[in-house]
Peer 1: 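Sending over a structure as C-alpha cells; questions will come in a sec.
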2 protein chains.
Amino acid sequence: MSINQNDLRVIKTKRNLREAFIRLLLQKRYDAISIQDIVTEAQTARVTFYRHYKDKEQLLVDCVNVNFKELVERMSQITTEDVFNHRYQALLLFYKHIQEKETLYKILFSSWGTRVVIEQFRKLFAEMSKENIAEQFHVDKWRVPIPMDIVAYHFASAQIGTAIWWLENNQPYPPEYMAKVSLWLTLAGGLRLFGEDEFYIPPPSIPEKPE
Amino acid sequence: MSINQNDLRVIKTKRNLREAFIRLLLQKRYDAISIQDIVTEAQTARVTFYRHYKDKEQLLVDCVNVNFKELVERMSQITTEDVFNHRYQALLLFYKHIQEKETLYKILFSSWGTRVVIEQFRKLFAEMSKENIAEQFHVDKWRVPIPMDIVAYHFASAQIGTAIWWLENNQPYPPEYMAKVSLWLTLAGGLRLFGEDEFYIPPPSIPEKPE
DNA sequence: AAACTTAAGTAACAGGTGTATCTTTATGAG
DNA sequence: CTCATAAAGATACACCTGTTACTTAAGTTT
C-alpha cells in the first residue's frame, strides 16, 4: 500500500524534488512556483510528486525538517550542567543557524505560505522548553501552579517571535546579543520594566479543571 | 480605476461574501472551500469575488478584521490609570472575545491555511504592547537597553502562543485565569521558576548597530 | 426623474491541481 | 543472475484558478 521510504528510488526522487524546490525558491516566490515547475526542474513526472507529497506545503515541511535535523543535532551536543547556560547556548545555535542559512530562511520567512517554517520552529522550541521546564518544576520549591504546556507554548512563541523580528529586520544585531536578549526577556520578563516590588504579582492559583 | 468602497453595492457584495464564507467555514475545512463554493453560497458571480479580493486568504483577512474592530473597540474603553491593571483588562477582553466566538475561532485556528488570523492577532498585540512599553520606558529609571520592537514582538508572540494553546486544548480554564497566567508569565517571566537571586541576569548592553 | 457612472453578471480561455488507469523500468530478495 | 515487486512514467480527466472583453443593471448625481 504505502511507499517504502528506504527504497533507493524513493530516496533519490525525494531528494531530487527537495533540491529542485530549493533551487526554484532562490529564483522566485513560493506562491509563484507550481508543482509543474518543481517536477520540470527535478526532471520527473507530475504524478511522481503527488505520490510522495500531498501538496507543495508538505514538500516545504520536508525541506525544513531535513534542515532542522542539523540544528537539533548541534543542540543535542551542548554539554553544560547549568540550565541557564544550556538555554543560552541553544538559543545561540538557533540564531547562528538562521544566520548561516540566511538566504534560504529569508525567502522562507518572507512569503506568507511558508509560515510552515514557523510552525516547525515552534514545535522544536516547545519540545525543548518543556524538557527544561519539567526539570525545574521537579526541584522547584515554589511549585508554581501553571500547567507546563502553557509555559512551553508561551516561551516558545516568544522566542520565535523575537527571531522573526530579527529576520524581518535584516539581522541588525549579532546572534550573541539576540540570544542574550531573548533569554533575558524570557526569564526576567518585563518585571524589570515595571520595577521589581512595585508590581509584584502573586502566582495565580490553579482553578478546577471542568470535566 | 479602483473600486469605490462606499458604494452600497460594494458594501452589500462584500458583506454577502463574508457571510457566505463564514457559513461555509462552519460546514467544512478552509482548504476544502473553493471560490466557486463561496460565490455559489453568496449567489453571485465568480468574477465578482476577484474584483474585491485577491484570493480566499484576503477574504479571510477581511472577515477577521471586521471581527477585530469589535475587540479593539472594547479594549479602547478600558478606563484605568494603572498600567498593570490595564494590561490585565485587555488580556481578559481578548480571551473573552475568543470564548464568545468560540465556534468561529476554533475553526479559524484549526486549519493551517488560516494562520492569517494569528498574524492579525500578532499585529494587534504588538501595537498594544509597544504603546504600553513605550510609556514605561519613558518613566523607567532602569532604562533597559533593548530595542522596543524586540520587546513588543516578544511579548505579543508569547501572548498569542498562550491563546492558541488555550484554543487548541478546548479552553480548559476560564478567561480570568488565562489572562492572569499570561500576564504573570510575561511580566514575571520564568524568573521565579529558577529562583529569584540565584539566576539574576544583568540586562544586556546594546551593541553597535552596523551600517 | 433622467442621465451618467460604475459595479455586477455572462461567457470564454489558458493555465494549474489532484486523481485514476495502465505501461515501463529500476531495485532488491532468493 | 533472475524474477517478483513496487516505484516511476505516460496519458487522460474533472474540476479549480485567475483574467479578459463585453453586456446588463443598480447606485449616484444633477
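The figures here come from the full heavy-atom set of this structure, side chains too, leaving out hydrogens, waters and symmetry mates. Below, chain A is the first sequence line, B the second, and so on; all start at residue 1.
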Peer 1: Categorize B:Lys14 for me: base, sugar-phosphate, or nothing, with a 4.0 angstrom heavy-atom threshold over every strand shown.
Peer 2: nothing
Peer 1: Measure from CG on A:Asn6 to C1' on C:dT27 and round the result to the nearest Å.
Peer 2: 13 Å
Peer 1: Contact class for A:Val10 vs. all strands (heavy atom < 4.0 Å): base, sugar-phosphate, or nothing?
Peer 2: sugar-phosphate
Peer 1: Whole Å only: how far is the CD atom of A:Gln36 from the P atom of D:dT17?
Peer 2: 19 Å
Peer 1: In terms of the nearest nucleotide of DNA chain D, which residue is placed more toward the 5' end: A:Thr44 or B:Lys54?
Peer 2: A:Thr44
Peer 1: Between B:Thr48 and A:Arg46, just flag the one whose closest nucleotide in DNA chain C comes earlier from the 5' side.
Peer 2: B:Thr48
Peer 1: Between B:Gln43 (CD) and C:dA8 (C1'), how many Å, whole number?
Peer 2: 14 Å
Peer 1: Whole angstrom is fine here: how far is it from CZ in B:Arg9 over to P in C:dA7?
Peer 2: 7 Å
Peer 1: Between B:His52 and C:dA8, is there a side-chain N or O to OP1/OP2 distance below 4.0 Å?
Peer 2: yes
Peer 1: Quick one: is B:Tyr50 getting a side-chain N or O under 4.0 Å of the D:dG18 phosphate, OP1 or OP2?
Peer 2: yes
Peer 1: Answer yes if the side chains of B:Thr80 and B:His86 hold a donor-acceptor pair under 3.5 Å, and no otherwise.
Peer 2: no
Peer 1: Are any side-chain N or O atoms of A:Lys56 and backbone N or O atoms of A:Tyr30, one a donor and one an acceptor, separated by less than 3.5 Å?
Peer 2: yes
Peer 1: How long is the line joining CD1 of A:Ile35 and P of D:dC15, in whole Å?
Peer 2: 21 Å
Peer 1: Using heavy atoms to find the nearest nucleotide of DNA chain D for A:Val47 and B:Arg51 separately, return the residue whose nucleotide is more 5′.
Peer 2: A:Val47
Peer 1: Whole angstroms only, please: what is the OH-P distance between B:Tyr53 and C:dA8?
Peer 2: 11 Å
Peer 1: Rounded to whole angstroms, how far apart are CD1 on A:Ile11 and P on C:dT27?
Peer 2: 11 Å
Peer 1: Assign A:Ala45 to base, sugar-phosphate, or nothing according to its heavy-atom contacts below 4.0 angstrom with the strands shown.
Peer 2: sugar-phosphate
Peer 1: Any side-chain N or O of A:Lys12 less than 4.0 Å from the OP1 or OP2 oxygen of C:dT27?
Peer 2: yes
Peer 1: For the pair made of CG in B:Asp55 and C1' in C:dG16, what is the distance, rounded to whole Å?
Peer 2: 15 Å
Peer 1: Can you tell me if B:Asn16 uses its side chain to pair, donor with acceptor, with the backbone of B:Glu19 under 3.5 Å?
Peer 2: no
Peer 1: May I ask you to say what B:Lys56 touches in the nucleic acid, namely base, sugar-phosphate or nothing, with a heavy-atom cut-off under 4.0 Å?
Peer 2: nothing
Peer 1: Quick check against the 3.5 Å criterion: does A:Trp166 have a side-chain atom that pairs as donor or acceptor with the backbone of A:Tyr173?
Peer 2: yes
Peer 1: Under a 4.5 Å cut-off applied to non-hydrogen side-chain atoms, are A:Met75 and A:Phe94 in contact?
Peer 2: yes
